[in-house]
J.: 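Input: one structure, supplied below.
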Amino acid sequence: MRILVVEDEEGLAESLRRGLSAEGHWVEVAHDGHRGLELALSGGPYDVVLLDLMLPGLSGYEICTRMRAHGDTTPVLMLTAKDGEYDEAEGLDSGADDYLTKPFSFVVLGARVRALARRAGAPARTTLQAGDLFLDPEGRRCRRGTRDIELTARELGVLACLMEHPGRAVAKQEILDEVWRSPGGSAGIDPNIVEVYVSSLRRKIDAPFGRRSIRTVHGTGYRMAPDGG
């Protein structure tokens with residue numbers, strides 16, 4: 001998903017960006033109300049906006065109200081240190097879809113974000129298959145046959161990128177841009193980092209099973225064998 005985080009606490013904003021990016025989402029961050037509103041109205045489209053209540057410039061209430069006045073129906077999850085019922089009611093009345101009080105669990109935040117996206121009709125990623133190799137990107141589960149395989153978030157992302165294009169050569173840079181998505185893009189990241197993750201994947205999904213599903217395409221990148229190798 002494409003997610004906009006509008007939060008003036010830079011430490012929290014960075015923590016949210018890292019956590020959501022690790023789950024495969026594209027995240028953009030604003031630290032004040034004016035920039036947040038600008039991105040919300042012209043930087044999208046976003047699937048979900050995480051909006052702090054107390055912001056420099058414009059409050060979360062004002063941003064949400066202006067978004068709705070412009071016909072923007074993007075789901076909004078308000079984040080705030082205020083926990084009074086009138087504050088919550090004002091947030092919802094301004095057009096927010098949900099409300100989360102700080103401090104909160106990242107697990108709960110993730111569940112709220114997914115619920116908002118589902119209600120808004122954001123497309124869910126289906127289970128990917130290559131022969132007896134199965135990958136559920138949303139559930140972050142991988143298995144070959146009946147055997148579960150533990151993968152890191154980056155490994156899941158690289159594998160999903162390959163399995164979404166079975167039989168096609170996928171360039172390293174394409175994988176880098178897809179899996180290492182961030183507000184600053186993949187600029188400055190060595191494309192050879194992809195080789196490290198592909199090697200790790202081969203040790204986990206191929207070697208123990210006597211398979212060779214991820215093929216090297218010299219001069220381009222990698223290709224996933226449609227039959228799982």
J.: For residues P137 and A160, report the shortest heavy-atom separation together with the two atoms involved.
T.: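 So the minimum-distance heavy-atom pair works out to CG-CB, 4.5 Å.
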J.: Following the transitive rule for hydrophobic clusters with a side-chain heavy-atom cut-off under 4.5 Å over Ile, Leu, Val, Met, Phe, Trp and Tyr, establish whether I205 and F134 coincide in one cluster.
T.: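 No; tracing contacts between hydrophobic side chains, which count when under 4.5 Å, never links both residues.
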J.: Are any of the side-chain heavy atoms of I175 and Y222 separated by less than 4.5 Å?
T.: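 When only atoms from C-beta onward are counted, Y222 and I175 do touch, with a gap below 4.5 Å.
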J.: Give a yes or no on whether H70 atom NE2 has more than 12 heavy-atom contacts from other residues, nucleotides or ligands under 6.0 Å away.
T.: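 At most 12 heavy atoms, drawn from other residues, nucleotides or ligands, come within 6.0 Å of this atom.
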J.: Does a sphere of radius 6.0 Å around CZ in R141 hold more than 12 heavy atoms from other residues, nucleotides or ligands, not counting ones at 6.0 Å or beyond?
T.: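 Count not over threshold, so no.
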J.: Within the distance-only criterion (no hydrogens, no angle test), does the side chain of E62 pair as donor or acceptor with the backbone N or O of S59 below 3.5 angstrom?
T.: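 Checking the backbone N and O of S59 against the side chain of E62, a donor-acceptor pair under 3.5 Å is found.
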J.: Considering non-hydrogen atoms only, spot the tightest contact between A30 and L39 and give its length.
T.: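 For A30 and L39, the tightest heavy-atom pair comes out as CB-CD1, 4.0 Å.
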J.: I'd like to know if the side chain of T74 pairs up with that of R2 as donor and acceptor (distance under 3.5 Å, no hydrogens or angles considered).
T.: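 R2 and T74 do not have a side-chain donor-acceptor pair below 3.5 Å.
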J.: If you measure from CG on L51 to CG on L77, what distance do you get to the nearest 0.5 Å?
T.: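 Nearest 0.5 Å value for the CG-CG distance: 9.0 Å.
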J.: Under 3.5 Å, is there a donor-acceptor pair between the side chain of H31 and the main chain of E7?
T.: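 Such a contact is found between H31 side chain and E7 backbone.
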J.: I'd like to know if D97 and R68 make a salt bridge, using a cut-off of under 4.0 Å between side-chain N and carboxylate O.
T.: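 Salt bridge flag = yes for R68 with D97.
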J.: Can you check whether P75 reaches V113 side chain to side chain, under 4.5 Å on heavy atoms?
T.: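 Sidechains of V113 and P75: no contact.
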J.: Within this structure, what is the CG-CZ distance for the pair L109 and R114, rounded to the nearest 0.5 Å?
T.: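 Separation between the atoms: 9.0 Å.
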J.: Quick check: closest heavy atoms across G36 and L4, and the distance to 0.1 Å?
T.: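 Shortest heavy-atom contact: O-CD2, 3.9 Å.
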J.: Do I193 and R154 have side-chain heavy atoms sitting under 4.5 Å apart?
T.: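 They are not in contact (no side-chain heavy atoms under 4.5 Å apart), so the answer is no.
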J.: Do the non-hydrogen side-chain atoms of D47 and H25 ever get within less than 4.5 Å of each other?
T.: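 No, every pair of side-chain atoms sits at 4.5 Å or beyond.
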J.: Just how far is it from atom CE of M78 to atom CG of L50, taken to the nearest 0.5 Å?
T.: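 Atom-to-atom, M78:CE and L50:CG are 11.5 Å apart.
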J.: Any link between V107 and M1 through a network of hydrophobic side chains (Ile, Leu, Val, Met, Phe, Trp, Tyr) touching at under 4.5 Å?
T.: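 No; M1 is not reachable from V107 via cluster members.
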J.: Using a 6.0 Å cut-off, check whether atom CZ of R168 has over 12 heavy atoms from anything other than its own residue.
T.: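 Buried by this count: over 12 neighbours within 6.0 Å.
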J.: Just jot down the ring-ring contact (aromatic ring centres under 6.0 Å, His included) partners of F209, sequence neighbours excluded, or say none.
T.: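 Counting only residues at least two positions away or on another chain, F209 forms no ring-ring contact (aromatic ring centres under 6.0 Å, His included).
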J.: Let me see the working for L79 and L16 under side chain to side chain contact (heavy atoms under 4.5 Å, CB included), right down to the final yes or no.
T.: CA-CA 12 Å; L79 309 176; L16 292 173; 4.1 Å; yes
J.: Please check this pair: side chain of S199 against backbone of E195, looking for a donor-acceptor N/O pair closer than 3.5 Å.
T.: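 Indeed, once roles are kept as given, a pair shorter than 3.5 Å links the two residues.
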J.: So which heavy atom on S21 is nearest to which on V27, and how close?
T.: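 Distance-wise, the nearest heavy atoms are OG-CG2, 3.8 Å.
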J.: Should F104 and R112 count as side-chain neighbours, where that means a heavy-atom distance under 4.5 Å?
T.: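 No, their side chains stay 4.5 Å or more apart.
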J.: For the backbone of L55 and the side chain of D8, can you confirm whether one donor and one acceptor N or O come within less than 3.5 Å of each other?
T.: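 Pair absent, no side-chain N/O of D8 close to backbone of L55.
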J.: To the nearest 0.5 Å, how far apart are CG in L156 and CG in L151?
T.: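 Here the interatomic distance stands at 5.0 Å.
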J.: Ignoring hydrogens, what is the shortest heavy-atom contact between V179 and C161? Give both atom names and the distance.
T.: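 Where V179 meets C161 most closely, the heavy atoms are CG2-CB, 4.5 Å.
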J.: Can you find a pair of side-chain heavy atoms, one from F106 and one from L20, that are under 4.5 Å apart?
T.: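 In short, these two side chains touch, coming nearer than 4.5 Å.
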J.: Indicate yes or no for a side-chain donor-acceptor contact from R144 to the backbone of G131 under 3.5 Å, with no hydrogens or angles considered.
T.: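 Absent.
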J.: Show, in sequence, the C-alpha distance, side-chain angles and deciding distance for K102 and D52, and conclude whether the side chain to side chain contact (heavy atoms under 4.5 Å, CB included) test is met.
T.: CA-CA 10 Å; K102 301 174 185 177; D52 186 30; 3.1 Å; yes
J.: For the pair E178 and V170, evaluate side chain to side chain contact (heavy atoms under 4.5 Å, CB included) and give the outcome as yes or no after the intermediate values.
T.: CA-CA 11 Å; E178 176 67 22; V170 184; over 6 Å; no
J.: For D206 versus S213, what's the shortest heavy-atom pair and its separation?
T.: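 Scanning both residues completely, I find the closest heavy atoms to be OD1-OG, 2.7 Å.
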J.: Does the side chain of N192 reach to within under 4.5 Å of the side chain of K172, using non-hydrogen atoms?
T.: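 Of all side-chain heavy-atom pairs linking K172 with N192, at least one is under 4.5 Å.
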J.: Heavy-atom count around R215 CZ within 6.0 Å, excluding the residue itself: above 12?
T.: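 Enclosed.
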J.: Look up atom CG in L201 and atom CE in M224, then write down how far apart they are to the nearest 0.5 Å.
T.: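 If we round to the nearest 0.5 Å, L201:CG and M224:CE are 7.5 Å apart.
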J.: Just how far is it from atom CZ of R223 to atom NE2 of H165, taken to the nearest 0.5 Å?
T.: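 One gets 14.5 Å once the value is rounded to the nearest 0.5 Å.
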J.: Go through the steps for L133 and C142 under the test side chain to side chain contact (heavy atoms under 4.5 Å, CB included), then give the verdict.
T.: CA-CA 8 Å; L133 180 66; C142 178; 3.9 Å; yes
J.: With heavy-atom distances below 4.5 Å as the criterion, would you say the side chains of I63 and V76 are in contact?
T.: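 No, their side chains stay 4.5 Å or more apart.
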J.: Are L37 and M54 in one and the same hydrophobic cluster, where Ile, Leu, Val, Met, Phe, Trp and Tyr link if side-chain heavy atoms are under 4.5 Å apart?
T.: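 Both belong to a single hydrophobic cluster.
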